[in-house]
Amino acid sequence: MSIKRIVVKVGTNVLTNKDNRILGPVLKELVRQISVLYERDIMVVLVSSGSAIAGKEVLGECSIEDKSTRRQVYSSVGQPRMMRHYYSIFHDYGMRCAQVLATKRDFTPGKYRENMINCYEGLLSEGIIPIANEDDAVSLTMSMFSDNDELASLVAELIDADRLIILTDTDGLYTGHPDDENSTKLAEVKVNQNVEKYVKASGKKEGEGRGGMESKLKIAKGAAGKDIPTYIANGKRQNVIVDIIDDKEVGTKFIS
C-alpha cells in the first residue's frame, strides 16, 4: 500500500534538553525529514507539544497557583513562540505550515468534526503542513485531551492517515526499564498482546508533558486496531521518520 498521509506526534521530552529548553536543532531535523517526505508526495500532519515549556522559558516561574490556569498562561505565551520557530524553519525549506488548534469538541460527530475535516483537507490539498496542538487557552479541564498522543490518534483517524508515528525520548517499548541491560526492545506488537505489564511509571515532573509510556501504549493499540499502523520511536534519532516510512526496523510497530 502506498503511503500518502502520516501523522507525526513529537513530545516535549524530544523537543527539550535536561534543563527544559527548546532545542532548535531537533526542530530543524523534524522539518528536514518532513521536507524529504514532501518531495515524495507524502503529506505530514505534525502534532507538536512544547508550547507550555516555551511559555515557561519566557515567563519563568509563575505566581498563579491554580495548575490549570498556569498551564493556560504558559501555553498561550508559548504557542506563538513555537509557531515562529516552525514557520521560520519551514520557510528555509521552501515549505508552508499552518497552526490548527483544537478542543475535544471539534472531534465529536456533527458540524464541528466536519469543519475540522474541511480545515485539514483544505490545508493538505494546498501542500501546507498542519501543525496541530490542543487549544489549551480555552480547553475545559474536564474535557481536555488526555495528552497530545490522544490528539494525534484522533487526527490520524480524521484524515484517514496511513501511519501514526509517536516520537518520544526512548527507542520504543521495552520488556523492562529502557536503561536495564536485561530488557529488550519489542520490534512489533499486536493489539491483542499483553505488553502492558512491561510499562513502568514515568515519574514525570509538571511541564514535561502529560503523556507517559502507558498512555502511548494505549493510544498506539487503539490506532492500530483501526488499521492505522502506529510506531513509538526515539525522536532524537537521526532520520527516524524517514527510516520508519522506508520500513527500516526502528522503534516499536503496532499492528492489528
Item to complete: Determine, for Glu214 against Lys197, whether the closest basic-nitrogen to carboxylate-oxygen distance falls under 4.0 angstrom.
Response: no
Item to complete: Evaluate side chain to side chain contact (heavy atoms under 4.5 Å, CB included) for Met95 paired with Ile129, printing each intermediate quantity in order.
Response: CA-CA 8 Å; Met95 298 179 68; Ile129 303 299; 3.7 Å; yes
Worksheet, complete the sentence: salt bridge (Lys or Arg N to Asp or Glu O under 4.0 Å) filter on Lys226, not counting sequence neighbours, yields Glu157
Practice prompt. Please test Ile6 against Ile165 for side chain to side chain contact (heavy atoms under 4.5 Å, CB included), starting from the C-alpha separation and ending with a verdict.
Written response: CA-CA 8 Å; Ile6 68 170; Ile165 299 173; 4.2 Å; yes
Fill in: Basic-acidic side-chain contact under 4.0 Å: Arg32, Glu29
yes
Item to complete: Verify side chain to side chain contact (heavy atoms under 4.5 Å, CB included) between Ile245 and Leu37, making sure each step is shown before the conclusion.
Response: CA-CA 9 Å; Ile245 297 305; Leu37 296 178; 4.2 Å; yes
Practice prompt. Treat each ILVMFWY residue as a node, draw an edge where side-chain heavy atoms are under 4.5 Å apart, and state whether Val45 and Ile3 are in one component.
Written response: yes
Item to complete: Without swapping roles, check the side chain of Asn17 against the backbone of Asp19 for a donor-acceptor pair under 3.5 Å.
Response: yes
Item to complete: Might you work through the side chain to side chain contact (heavy atoms under 4.5 Å, CB included) test for Thr170 and Asn234, ending with a clear yes or no?
Response: CA-CA 5 Å; Thr170 60; Asn234 194 329; 5.7 Å; no
Worksheet item: Under 3.5 Å, side chain of Arg163 to main-chain N/O of Ile228, donor-acceptor pair present?
Response: no
Worksheet item: So Glu134 and Asn148, side chain to side chain donor-acceptor pair (under 3.5 Å) or not? Walk me through it.
Response: CA-CA 7 Å; Glu134 179 166 14; Asn148 270 346; over 6 Å; no
Worksheet item: Distance-only, no hydrogens or angles: does the Ser125 side chain make a donor-acceptor pair with backbone N or O of Gly122 under 3.5 Å?
Response: yes
Listed pairs under 3.5 Å, donor-acceptor, residues 183-190 side chains, sequence neighbours left out:
unit_1: Ser183; atom_1: OG; unit_2: His177; atom_2: O; d: 2.7
unit_1: Ser183; atom_1: OG; unit_2: Asp180; atom_2: O; d: 2.9
unit_1: Lys185; atom_1: NZ; unit_2: Gly251; atom_2: O; d: 2.9

Practice prompt. May I ask you to decide whether Lys218 forms a salt bridge with Asp149, counting only side-chain N to carboxylate O separations under 4.0 Å?
Written response: no
Item to complete: May I ask you to decide if Ala223's main-chain N or O and Ser153's side chain share a donor-acceptor pair within less than 3.5 Å?
Response: no
Fill in: Phe107 reachable from Leu101 in the ILVMFWY side-chain graph, under 4.5 Å edges
no
Worksheet, complete the sentence: One should read off an interatomic distance between Ile89 CD1 and Leu30 CG, to the nearest 0.5 angstrom, of 8.5 Å
Practice prompt. Could you grab the distance from atom NZ of Lys253 to atom CD1 of Ile232, nearest 0.5 Å is fine?
Written response: 14.0 Å
Discussion item. Can you tell me if Glu249 has over 12 outside heavy atoms packed within less than 6.0 Å of its CD?
Written reply: no
Discussion item. With a 4.0 Å cut-off on N to O distance, would you call Arg70 and Glu65 a salt bridge?
Written reply: no
Worksheet item: Would you find a donor on one side and an acceptor on the other, under 3.5 Å apart, between the side chain of Asn115 and the backbone of Asn118?
Response: no
Worksheet item: Under a single-linkage definition using a 4.5 Å side-chain heavy-atom cutoff for Ile, Leu, Val, Met, Phe, Trp and Tyr, are Val195 and Val199 assigned to the same hydrophobic cluster?
Response: yes
Worksheet item: Is Tyr87 linked to Met43 within one hydrophobic cluster, defined over Ile, Leu, Val, Met, Phe, Trp and Tyr using a side-chain heavy-atom separation of less than 4.5 Å?
Response: no
Item to complete: Would you please test Ser48 and Tyr86 for side chain to side chain donor-acceptor pair (under 3.5 Å) and show each step?
Response: CA-CA 10 Å; Ser48 177; Tyr86 279 124; 2.8 Å; yes
Worksheet item: Under 6.0 Å from the CZ atom of Arg40, do we count more than 12 heavy atoms belonging to anything else shown?
Response: yes
Practice prompt. Drop me the distance from Thr168's OG1 to Lys9's NZ, to the nearest 0.5 angstrom.
Written response: 6.5 Å
Discussion item. Nearest 0.5 angstrom please: Thr16 OG1 to Asp169 CG, how far?
Written reply: 8.5 Å
Discussion item. What verdict does the salt bridge (Lys or Arg N to Asp or Glu O under 4.0 Å) test give for Arg237 and Asp243, after you've listed the backbone C-alpha separation in whole Å, the side-chain angles of each residue and the deciding distance to 0.1 Å?
Written reply: CA-CA 10 Å; Arg237 182 187 185 277; Asp243 284 347; 2.8 Å; yes
Item to complete: First locate atom CD1 of Ile219, then atom OG of Ser215, and finally report the distance between them rounded to the nearest 0.5 Å.
Response: 5.0 Å
Worksheet entry | Flag, side chain of Tyr74 to backbone of Leu59, donor-acceptor distance under 3.5 Å | no
Worksheet item: For Lys221, which residues count as a side chain to side chain donor-acceptor pair (under 3.5 Å) partner, sequence neighbours excluded?
Response: Glu196
Worksheet entry | Donor-acceptor contact present, side-chain Gln99 to main-chain Met83, <3.5 Å | no
Worksheet item: For the side chain of Asp66 and the backbone of Thr69, is there at least one donor-acceptor N/O pair under 3.5 Å apart?
Response: yes
Worksheet item: Between Arg105 and Tyr112, is NZ or CZ placed under 6.0 angstrom from the six-membered ring centre and within 45° of the ring axis?
Response: yes
